[in-house]
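Scroll down for the structure; my scribbles are underneath it.
Order of the sequence lines fixes the chain letters, A, B, ..., with proteins taken first and strands second; residue numbering starts at 1 for each chain. The figures here come from the full heavy-atom set of this structure, side chains too, leaving out hydrogens, waters and symmetry mates.
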Amino acid sequence: MIRDGRVFRTDWTPEDLHHRHGELQQLSSYLSPIEEGREADPASIFGPTGTGKTAAAEELLRQLRKSVVDLDTILIDCWNNHGRFQVLRELLELVNAPTHDLRQDRTSRDEMLARFREHKDDLCVVVLDEVDQLDDEGVLRDLWQTDGVCLLFIANREDDFYGTLDDRLQSRLLTSQVVKFEPYGVDALTDILRSRASAGLARDAIRTAELRTIADTARGDARVAIRGLKNAAEAAEHRGTRRIGQEDIKGAVPKARAEIRQKTKSKLIRHQRLLFEIIEEHGELSASDLHDAYEAEAENPRSKRQRRNYLTKLERYNLIEREGERRWTTYRVVEAPVRS
DNA sequence: GTTCCACCGGAAACGGGGGACC
DNA sequence: GGTCCCCCGTTTCCGGTGGAAC
């Protein structure tokens with residue numbers, strides 16, 4: 001039934017970006033000075049998980065590369081590169097600057113920045129995906145102050161991003177252009193799934209009614225929906241049938257959510273995972289109960305201050321949410337959506 | 001009204017790690 | 001082999017906050 005499994009991967013980009021033409025056009029107009037060889041003001045994309053933000057940015061970079069000669073386009077995933085050194089190293093690699101002699105504890109940031117400025121083209125578009133995951137905003141200042149660098153930020157929530165910046169940077173960036181990506185509606189998500197199904201599944205493997213059911217259950221998250229479609233196809237294959245039925249769909253989307261959550265969990269370090277598992281086990285519990293449970297279970301428990309850092313991280317990962325303040329603080333597991 | 005308590009988060013200090021250099 | 005360097009993860013300290021207890 002599955003003809004091409006690549007279609008269901010998160011990094012697979014369709015030829016046509018369904019239902020994001022307006023947003024793409026908006027972004028193109030913000031970055032249009034680049035096509036005339038000029039620097040464009042920073043722009044930001046905000047929107048929940050699975051709304052096509054990264055895919056839109058990639059498409060935008062593709063279009064810019066087609067129309068502008070001598071343009072560096074760089075997309076950095078700040079989820080995997082959250083330190084200043086890591087971001088600068090990625091920048092150097094992507095502009096083909098020498099990186100063999102870089103050392104986290106030896107090479108100064110100024111030197112790395114100078115090397116980047118020397119090797120990049122006159123104009124360079126830098127997309128910082130999941131920018132709210134950055135530990136050190138200094139790199140934003142570095143890039144902001146670099147001639148010829150056009151910045152595009154991607155984050156889930158506006159306040160998560162701006163809230164972490166110092167006043168000076170915040171006031172500069174608050175004037176940047178913003179494009180908001182709303183969650184997909186059922187019709188839009190059904191279209192997206194139809195296009196994936198026709199590219200990756202056998203002909204007539206699924207009907208519109210089943211596609212709509214998946215789209216509806218995914219609640220606006222394309223990543224969950226696409227993975228759900230793949231799970232449904234596998235279930236149908238397992239059943240030995242040539243068409244996906246409602247019974248194949250039933251567990252497909254919850255399974256997709258669980259898989260995405262598992263992937264996120266696998267990135268946690270031991271103490272972060274323990275804190276998450278305690279919250280998961282209790283469903284919801286107060287801060288003091290959480291600390292007590294952690295101290296009872298942890299080997300070499302980390303300090304309370306460090307635990308608070310871990311909990312902030314878990315919140316940013318969309319794994320948990322916090323409610324209330326001070327002694328009434330409670331933590332609970334976020335059911336959905338989660339970031340992949 | 002004052003003190004206590006539990007929590008949050010910023011800032012500074014500390015120590016480990018590991019390659020370069022002598 | 002000893003020392004240097006400095007980033008990163010972690011701890012310590014501390015001020016702020018606001019309800020509870022007195």
Side-chain angles (χ1 to χ4, degrees), chain A residues 76-93 97-116 128 130-143 155-171 173 264-279 282-334:
Chain A
I76 295 178
D77 179 6
C78 301
W79 181 276
N80 294 319
N81 301 285
H82 45 84
R84 198 175 186 173
F85 177 88
Q86 292 168 314
V87 172
L88 287 170
R89 187 188 51 205
E90 280 289 298
L91 285 169
L92 290 180
E93 276 175 8
T99 55
H100 62 277
D101 57 340
L102 291 183
R103 289 203 38 225
Q104 188 146 334
D105 57 336
R106 282 271 168 184
T107 316
S108 78
R109 290 183 292 232
D110 287 348
E111 190 190 325
M112 292 172 80
L113 195 58
R115 212 180 280 186
F116 168 67
L128 295 174
E130 307 275 357
V131 66
D132 48 337
Q133 298 293 330
L134 273 182
D135 294 333
D136 186 348
E137 65 189 53
V139 73
L140 299 182
R141 216 171 294 114
D142 293 340
L143 290 170
N156 282 18
R157 293 198 325 215
E158 228 170 320
D159 46 352
D160 280 353
F161 174 42
Y162 293 132
T164 58
L165 305 176
D166 70 29
D167 292 347
R168 248 177 89 192
L169 208 54
Q170 200 180 87
S171 69
L173 292 180
T264 310
K265 267 177 75 177
S266 70
K267 294 176 185 171
L268 302 177
I269 61 170
R270 189 159 54 100
H271 291 275
Q272 290 172 338
R273 187 173 301 129
L274 177 57
L275 284 165
F276 176 70
E277 283 169 357
I278 291 169
I279 300 169
H282 289 79
E284 179 171 357
L285 78 173
S286 69
S288 57
D289 289 345
L290 173 60
H291 285 300
D292 290 346
Y294 170 82
E295 278 160 21
E297 288 186 37
E299 253 180 70
N300 302 319
R302 294 289 177 260
S303 68
K304 276 193 172 182
R305 180 69 190 89
Q306 183 65 352
R307 282 175 236 166
R308 286 199 288 274
N309 289 339
Y310 289 157
L311 290 165
T312 305
K313 203 82 180 172
L314 293 179
E315 260 189 298
R316 282 200 189 177
Y317 286 2
N318 256 333
L319 287 170
I320 64 164
E321 57 193 1
R322 183 196 318 222
E323 223 178 48
E325 288 183 335
R326 285 167 290 280
R327 73 182 71 183
W328 299 272
T329 305
T330 58
Y331 294 95
R332 65 160 171 261
V333 168
V334 173

- Message: Applying side-chain hydrogen bond (donor to acceptor under 3.5 Å, both in side chains), can you list everything that pairs with A:Arg305, at least two apart in sequence or on another chain?
- Response: A:Asn309

- Task: Send over the distance from A:Gln272 CD to C:dG9 P, rounded to a whole Å.
- Result: 10 Å

- Message: Going by the rule salt bridge (charged side-chain N to carboxylate O under 4.0 Å, His left out), which residues pair with A:Glu299 if we only count those two or more places apart in sequence or in a different chain?
- Response: none

- For A:Glu284, which residues count as a salt bridge (charged side-chain N to carboxylate O under 4.0 Å, His left out) partner, sequence neighbours excluded? A:Arg332

- Check for a donor-acceptor pair, side chain of A:Gln306 on one end and backbone N or O of A:Ser303 on the other, with a separation under 3.5 Å. no

- For A:Ile279, the option from A:Val334, A:Thr330, A:Leu285, A:Leu274 that meets side chain to side chain contact (heavy atoms under 4.5 Å, CB included): A:Leu285

- Message: Could you work out, with salt bridge (charged side-chain N to carboxylate O under 4.0 Å, His left out) as the rule, every residue matching A:Glu315, not counting sequence neighbours?
- Response: A:Arg322

- Message: At under 4.0 Å between heavy atoms, how does the protein contact nucleotides 15-22 of chain C? Give one character per nucleotide, 5' to 3', with B, S or -.
- Response: --BBBS--

- Item | Residues in contact with DNA chain C, drawn from residues 283-297 of chain A - heavy-atom cutoff 4.0 Å | none

- Whole-Å gap separating C1' (C:dT10) and NZ (A:Lys313): 14 Å

- Residue pairs meeting salt bridge (charged side-chain N to carboxylate O under 4.0 Å, His left out), one or both in residues 287-297 of chain A, sequence neighbours left out, come to A:Glu295-A:Arg307

- Task: Return the value, rounded to whole Å, for the distance between atom CG of A:Leu275 and atom C1' of B:dC7.
- Result: 15 Å

- Heavy atoms, side chains only, cut-off 4.5 Å: are A:Leu268 and A:Leu319 in contact? yes

- Could you identify which residues of residues 302-311 of chain A place a heavy atom less than 4.0 Å from some atom of DNA chain C, listed by residue number, or say none? A:Arg302, A:Ser303, A:Arg305, A:Gln306, A:Tyr310

- Query: In chain order, what residues pass the side-chain hydrogen bond (donor to acceptor under 3.5 Å, both in side chains) check against A:Ser288, with sequence neighbours excluded?
  - Reply: A:Ser286

- Item | salt bridge (charged side-chain N to carboxylate O under 4.0 Å, His left out) partners for A:Arg302, two or more places apart | none

- Expressed in angstrom and rounded to an integer, what is the separation of A:Arg322 atom CZ from B:dA6 atom P? 18 Å

